[in-house]
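Worksheet for the structure shown next.
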There are 2 protein chains.
Amino acid sequence: MSLTRRQQAIYDFIVEHMESTGLPPTRAQIVSHFRFASPNAAQCHLKALEKHGVIELLSGTARGIRLTTATKGRSAMSLPVIGRVSAGRPILAVEHHEAQMPIEPSHFSPKPHFLLRVDGESMIDAGICDGDLLVVHKTPEARSGQIVVARIDDEITVKQLKRTGRRVELIAHNPNYPPIRIGRDQEFAIEGLAVGVIRAFSGGQVPLR
Amino acid sequence: MSLTRRQQAIYDFIVEHMESTGLPPTRAQIVSHFRFASPNAAQCHLKALEKHGVIELLSGTARGIRLTTATKGRSAMSLPVIGRVSAGRPILAVEHHEAQMPIEPSHFSPKPHFLLRVDGESMIDAGICDGDLLVVHKTPEARSGQIVVARIDDEITVKQLKRTGRRVELIAHNPNYPPIRIGRDQEFAIEGLAVGVIRAFSGGQVPLR
DNA sequence: ATCAGCACTGTTTTTTGATACAGTAGTGCC
DNA sequence: GGCACTACTGTATCAAAAAACAGTGCTGAT
């Protein structure tokens with residue numbers, strides 16, 4: 001059952017009012033915004049919205065309007081954003097922390113541990129662009145085909161993992177970058193598994209190929 | 001100048017109350033929580049907190065307590081996730097709300113208003129894949145070259161905007177999709193501007209081309 | 001020793017705000 | 001035509017809530 005046009009307007013006003021002032025509106029504030037002549041107009045609309053289940057009215061309390069949809073499942077978790085990783089230092093070292101960013105952990109699986117700023121275009125065909133924040137689950141294990149954050153000697157890189165028998169390869173997703181084969185003399189470790197990407201377009205700029 | 005132990009407790013109670021009920025507490029609620037005998041105890045504490053600049057009191061309004069910006073920055077802003085948009089209904093209508101997700105608004109510019117779930121592969125060469133959440137700034141205006149959320153008649157689509165003189169074209173970024181030219185008889189509106197992308201890899205699955 | 005500031009009690013006044021009751025007008029439906 | 005439903009006007013009442021005023025006792029600084 002969906003809202004009528006007028007009910008939607010009332011609902012939008014409540015949301016807007018809460019965002020701008022931090023408080024739900026009173027009946028009187030709804031009345032003055034919509035130029036109603038009677039507080040009962042607002043009251044009836046609120047009752048209708050409650051009947052539709054989109055808000056909850058707390059009887060007898062001032063501004064007792066609660067949004068039922070918005071209140072659900074917000075367990076924001078703040079993850080560290082890792083910037084340029086300097087050689088020879090562990091990836092989560094304090095000096096690599098660029099910022100802290102809240103994300104919804106339940107949106108990613110497995111559980112994310114940190115965000116890594118992507119440097120370079122080598123994974124562009126996998127939809128991972130320069131400057132993107134890669135959402136990473138910290139783990140030393142990964143299956144062939146997964147996108148991983150890997151360390152070769154002291155270099156951190158993001159590539160697709162490919163295991164052929166005992167040989168490990170890191171596949172770039174950009175025709176200009178050849179696959180990387182791990183030599184016997186190289187130190188290799190998987191730092192984490194890519195579980196998501198967060199990108200911000202800077203000023204309407206588009207990452208095109 | 002920092003808060004006293006007692007003032008901190010009052011402040012914590014306000015934050016906790018707002019998180020659990022969605023409303024700031026009244027003086028009476030502070031009184032009953034701290035077992036005060038007088039409403040003035042609460043009133044004086046609120047005045048002290050306001051003097052310290054951590055809250056703002058809206059004079060004469062019920063529950064008129066606002067947490068100042070310093071504390072607001074810590075908690076992420078929760079944006080609605082818009083799923084499949086049904087024809088003929090406004091994009092932000094309640095029935096399209098799929099979920100609510102906290103994000104860091106300052107990470108995106110201009111200010112994001114909602115998240116739109118991307119349907120289809122038409123923008124894959126711009127790094128926007130099927131199932132991605134597009135971070136959208138709601139605006140009816142956009143410049144040529146920007147990626148927009150547009151409505152043609154009753155269909156919502158994500159494309160790159162191209163203006164050539166008076167003609168408007170929507171460019172897909174996938175060689176299999178031709179550009180869309182807007183006819184004179186078609187209703188066209190820009191719903192918003194893409195300011196970012198959030199993607200979750202489902203179970204190590206990689207979006208490859 | 002005194003004074004400012006904190007942390008309250010106790011009381012009163014005045015708004016603010018919720019909510020009930022009684023109606024009116026318009027629409028779509030069967 | 002009658003009924004249900006939306007969308008209001010207009011009035012009234014009472015509880016919830018803000019906020020002022022007048023105090024008390026304590027602590028720590030000058």
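Naming: A, B, ... by sequence-line order, numbering from 1 per chain.
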Separation of [N] [atom2] from [X] [atom1] (nearest whole Å):
X       : N      : atom1 : atom2 : answer
B:Ile10 : C:dC6  : CD1   : P     : 13 Å
A:Arg35 : D:dA7  : CZ    : C1'   : 18 Å
B:Glu50 : D:dA19 : CD    : P     : 9 Å

Using a heavy-atom cut-off of under 4.0 Å over every strand shown, decide if [X] touches base, sugar-phosphate, or nothing.
X       : result
B:Ser38 : base
A:Ala41 : base
B:Ala37 : sugar-phosphate

Q) Which atom names give the shortest non-hydrogen contact between A:Val148 and A:Ala142, and what distance separates them? A)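 That closest heavy-atom pairing would be CG1-CB, 3.5 Å.
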Q. Which heavy atom of B:Gly127 sits nearest a heavy atom of B:Asp132, and at what distance?
A.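 Result for this residue pair: O-OD2, 3.9 Å.
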I want to check one thing: is the phosphate of [N], taken as OP1 and OP2, less than 4.0 Å away from some side-chain N or O of [X]?
X       : N      : result
A:Arg6  : D:dC8  : yes
A:Gln29 : C:dG17 : no
A:Gln43 : C:dA18 : no
A:Lys47 : C:dA18 : no
A:Thr61 : D:dA16 : no
A:Arg27 : C:dG17 : no
A:His45 : D:dT6  : no

**Q.** Whether A:Phe34 and A:Phe13 hold their rings parallel, tilted or perpendicular, with breakpoints at 30° and 60°
**A.**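 A:Phe34 and A:Phe13: perpendicular rings.
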Q) Which residue lies toward the 5' end of DNA chain C, B:Gly60 or B:Phe36, if each is placed at its nearest nucleotide? A)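 First, find each residue's nearest nucleotide; the 5'-ward one identifies B:Phe36.
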Just distance, no hydrogens or angles: give the donor-acceptor pairs under 3.5 Å from side chains in residues 40-51 of chain B, sequence neighbours left out.
from: B:Gln43; atom 1: OE1; to: B:Arg27; atom 2: NE; distance (Å): 2.8
from: B:Glu50; atom 1: OE2; to: B:Leu57; atom 2: N; distance (Å): 3.1

**Q.** From C:dG17, D:dA12, D:dA19, nucleotide with atom closest to A:Pro39 side chain
**A.**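 Between C:dG17, D:dA12, D:dA19, the one nearest the side chain of A:Pro39 would be D:dA12.
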Q.
If you only use heavy atoms from C-beta on, which nucleotide in D:dA17, C:dG17, C:dC6 is closest to the side chain of B:Gln7?
A.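 Comparing D:dA17, C:dG17, C:dC6 against the side chain of B:Gln7, the answer is C:dC6.
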Q. Got a donor-acceptor contact below 3.5 angstrom from the A:His113 side chain to the A:Val136 backbone?
A.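 Flag not set: sc A:His113 to bb A:Val136 has no pair under 3.5 Å.
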